[in-house]
Amino acid sequence: MGSEWPVEPLGTHCVKIGSGATPRGGKATYVNAGSFSLIRSQNVYNDGFHTSGLAFISDDQARALSNVSVEQSDILLNITGDSVARVCLAPPDILPARVNQHVAIIRPKKNSFDARYLRYFLVSATQQERLLSLAAIGATRNAITKGMIESLEVPVPPLVFQRRCADILSALDDRIDNLRATNATLEAIAQALFKSWFVDFDPVRAKAEGREPEGMDAATAALFPSEFEKSVVGLIPKGWPIRAVGDVATIVRGRSYKSSELADSDTALVTLKSFNRGGGFRRDGFKSYTGPFKAEQEVFEGDCIVAHTDVTQQAELIGRSALVTRSPPHSRLVASLDVGIVRSKSHDFTSIFLSGVLSGDRYVSHIKGYTSGTTVLHLSKDGLPSFKFACPPPCLARIYSELALAMFRRQATNVATQEYLAEVRDTLLPRLISGKLRLPEAAAALDA
């Protein structure tokens, strides 16, 4: 990346560069909640800090790692393994915190760098390529050393330029984050509605107590009974039959593939990396694919998919469901062997309804009973089909699906906008950092 600014070793402009350690006793000593966070590589992504899987340690463990205390706006860089070179800023809401040995803290001098600008420099395509090349030097495992970070040559423009540049790029990221937060809210609303109607049976409870169900019209409220009855899954609305997932849906297993079939193509495999921890769809987990597949293994927008294997330490993927969103630049998606496609046997119970069925505490507990393995977890073929639930009248399931589908479509629109804004940011980033694009031009692009 060419630059009109002076280029100097990063180490000369930092007050700290260093990684941490895993507390004695390893992950078995982590606590469910505590005063101190322990940041690991799974928390550090180029699109920001991910709190999923964030660990906590005791005060004694934190004191033992006091030399790797994280401060607000520290730059966090993954330095080992498959996630090497991922970089983000430490958010204030996870402090106080420490880092383990797979994450380095980069703390620039305040009179040299705006940390936001330096982070944007490190996350740029050119610098990511450079960091990945450094990580691959002379080792069986990808690793970036402290010396490599200190020797990394970086442009050092005036602080006023850095701040304005970071302001422009951050404004785009803020828009992206707002859309992401909106989508999280929409997802939470859909989940809460399903839980209220079909798990907690709030409308039935209200009518049994002589109250009108809240948040629905009289016609919808009339579809819920006013009494409960006992069943094999506990108290359920009177008259609702118990069904197994296998009664209302079929599960199609994905395609086994060879590494030689992973090549540039407009077809992509949907893999375990297509799932968020705890469920939900990720659009960055595709693998381009050139091999054969059966027609029923093709995945379409709105399909419900389920993870059939898991390599996460806390079993956060096994059995979890996700709804597929559109995925340019690929024109076709195919499920991999680790993924099952859950397809309804009728139009009454849609994919979005089935995704709700395949969630919640009782479902997760059921799946655990059909999971085997240590390092790699596997879901038995009987796990999904055997899960039982109280089946609402088809008309009620359709009403829920219509409401949830409207939220799903809005989420899809927001995702498309996020991707457009990210494309604008990624186009501006190298030109801004190199000084080839003047700030007034960038500001005009931001307002366009």
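Along the sequence shown, the residues carry numbers beginning at 1.
Counting non-hydrogen atoms of neighbouring residues, nucleotides and ligands closer than 6.0 angstrom, the NZ atom of Lys345 exceeds 12 such neighbours. Residue Arg410 qualifies as open at atom CZ: its count of foreign heavy atoms under 6.0 Å is 12 or below. Summarising the local packing, CD of Glu212 is surrounded by 12 or fewer heavy atoms from other residues, nucleotides or ligands at distances under 6.0 Å. Asp264 CG: 12 or fewer foreign heavy atoms inside a 6.0 Å radius. The number of heavy atoms from other shown groups lying within 6.0 Å of CG (Asp217) is above 12. Residue Glu423 qualifies as open at atom CD: its count of foreign heavy atoms under 6.0 Å is 12 or below.
Looking at Ser19 and Ile79, their side chains come closer than 4.5 Å, going by heavy atoms from C-beta outward. A heavy-atom distance below 4.5 Å is found between the side chains of Leu223 and Cys395. Between Leu269 and Leu262 the shortest side-chain heavy-atom distance falls below 4.5 Å. For the pair Gln127 and Val123, the minimum side-chain heavy-atom distance is 4.5 Å or more. The shortest side-chain heavy-atom distance between Tyr30 and Thr22 falls under the 4.5 Å cut-off. Side-chain contact between Leu323 and Gln411: absent, with no pair of heavy atoms (C-beta onward) separated by less than 4.5 Å. Side-chain atoms of Val87 and Ile106, non-hydrogen and from C-beta on, never get closer than 4.5 Å to each other. Looking at Ile75 and Leu89, their side chains come closer than 4.5 Å, going by heavy atoms from C-beta outward.
The CG atom of Leu131 sits 4.5 Å away from the CD1 atom of Ile144 when rounded to the nearest 0.5 Å. Atom CG of residue Asn183 and atom CD of residue Glu187 lie 8.5 Å apart, to the nearest 0.5 angstrom. Note: Thr51 OG1 to Ile94 CD1 = 10.0 Å, rounded to the nearest 0.5 Å. The distance from atom OG of Ser346 to atom CG of Asp247, rounded to the nearest 0.5 Å, is 11.5 Å. Going from atom CZ of Arg119 over to atom OG of Ser73 covers 12.0 Å, rounded to the nearest 0.5 Å. Residue Leu396 holds its CG atom at 10.0 Å from SG of Cys391, rounded to the nearest 0.5 Å.
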Would Val311 and Thr375 satisfy side-chain contact (heavy atoms from CB on, under 4.5 Å), going step by step from the backbone distance to the final call?
CA-CA 6 Å; Val311 294; Thr375 304; 6.0 Å; no
Stepwise side-chain contact (heavy atoms from CB on, under 4.5 Å) check, Leu384 with His308:
CA-CA 10 Å; Leu384 279 180; His308 273 70; 3.8 Å; yes
Go through the steps to decide whether Lys195 and Asp202 satisfy the test salt bridge (Lys or Arg N to Asp or Glu O under 4.0 Å), and finish with yes or no.
CA-CA 9 Å; Lys195 185 173 184 293; Asp202 290 332; over 6 Å; no
Where do Phe228 and Arg205 land on the side-chain contact (heavy atoms from CB on, under 4.5 Å) test, with the steps shown first?
CA-CA 8 Å; Phe228 288 96; Arg205 200 171 308 279; 4.0 Å; yes
Decide side-chain contact (heavy atoms from CB on, under 4.5 Å) for Ile367 and Phe387; before the verdict, give the C-alpha distance in whole Å, the side-chain angles of both, and the deciding distance to 0.1 Å.
CA-CA 8 Å; Ile367 289 299; Phe387 179 68; over 6 Å; no
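Salt-bridge formation is detected for the pair Arg398/Asp348: a Lys NZ or Arg NE/NH1/NH2 atom is positioned less than 4.0 Å from an Asp or Glu carboxylate oxygen. A salt bridge links Asp173 with Arg425; the closest basic N to acidic carboxylate O contact falls under 4.0 Å.
The two residues Gln297 and Arg253 have their closest heavy-atom pair at NE2-O, 3.4 Å. Ala190 approaches Tyr400 most closely through the heavy-atom pair O-OH, 3.3 Å. Between Ser35 and Pro96 the shortest heavy-atom distance is O-CG, 3.2 Å. Taking each heavy atom of Arg86 and Ser41 in turn, the nearest pair found is NH2-O, 3.1 Å. The nearest pair of heavy atoms linking Pro385 to Ala244 is O-CB, 3.3 Å. Across all non-hydrogen atoms, the minimal contact from Leu65 to Pro23 is CD1-CG, 4.1 Å.
Under the 3.5 Å distance criterion, the side-chain polar atoms of Ser365 are matched with a main-chain donor or acceptor of Asp361. Not a single donor-acceptor pair under 3.5 Å links the side chain of Lys273 to the backbone N or O of Lys287. A distance-only check finds no donor-acceptor pair linking the side chain of Tyr289 to the backbone of Val270 [under 3.5 Å]. The main-chain N or O of Asp167 is never found under 3.5 Å from a side-chain atom of Ser170 such that the two would form a donor-acceptor pair. Side chain of Ser344 to main chain of Ala249: no donor-acceptor pair is present (N/O by atom type, distance under 3.5 Å, no hydrogens or angles). Panel note: side chain Asn100, backbone Arg40; no donor-acceptor pair is recorded below 3.5 Å. In this structure, the side chain of Gln128 engages the main chain of Ala85 through a donor-acceptor pair within 3.5 Å. No donor-acceptor distance shorter than 3.5 angstrom exists from the side chain of Tyr363 to the backbone of Arg320, with no hydrogens or angles considered. A donor-acceptor contact shorter than 3.5 Å is absent between the side chain of Ser231 and the backbone of Ile236. Listed for the Arg343 side chain is a donor-acceptor partner under 3.5 Å among the backbone atoms of Glu296.
Between Trp197 and Phe224, the ring planes are perpendicular. Angles over 60° get that label, and only those under 30° would be called parallel. Relative orientation of the Phe113 and Tyr117 rings is parallel, given thresholds of 30° and 60° on the angle between their planes.
Here the two rings, on Phe353 and Phe198, have centers that are under 6.0 Å apart.
When each of Asn78, Asn46, Asn142 is paired with Ser83, the side chain to side chain contact (heavy atoms under 4.5 Å, CB included) condition holds for Asn78 and for no other.
With 3.5 Å as the limit, one finds a donor-acceptor pair spanning the side chains of Ser69 and Arg98.
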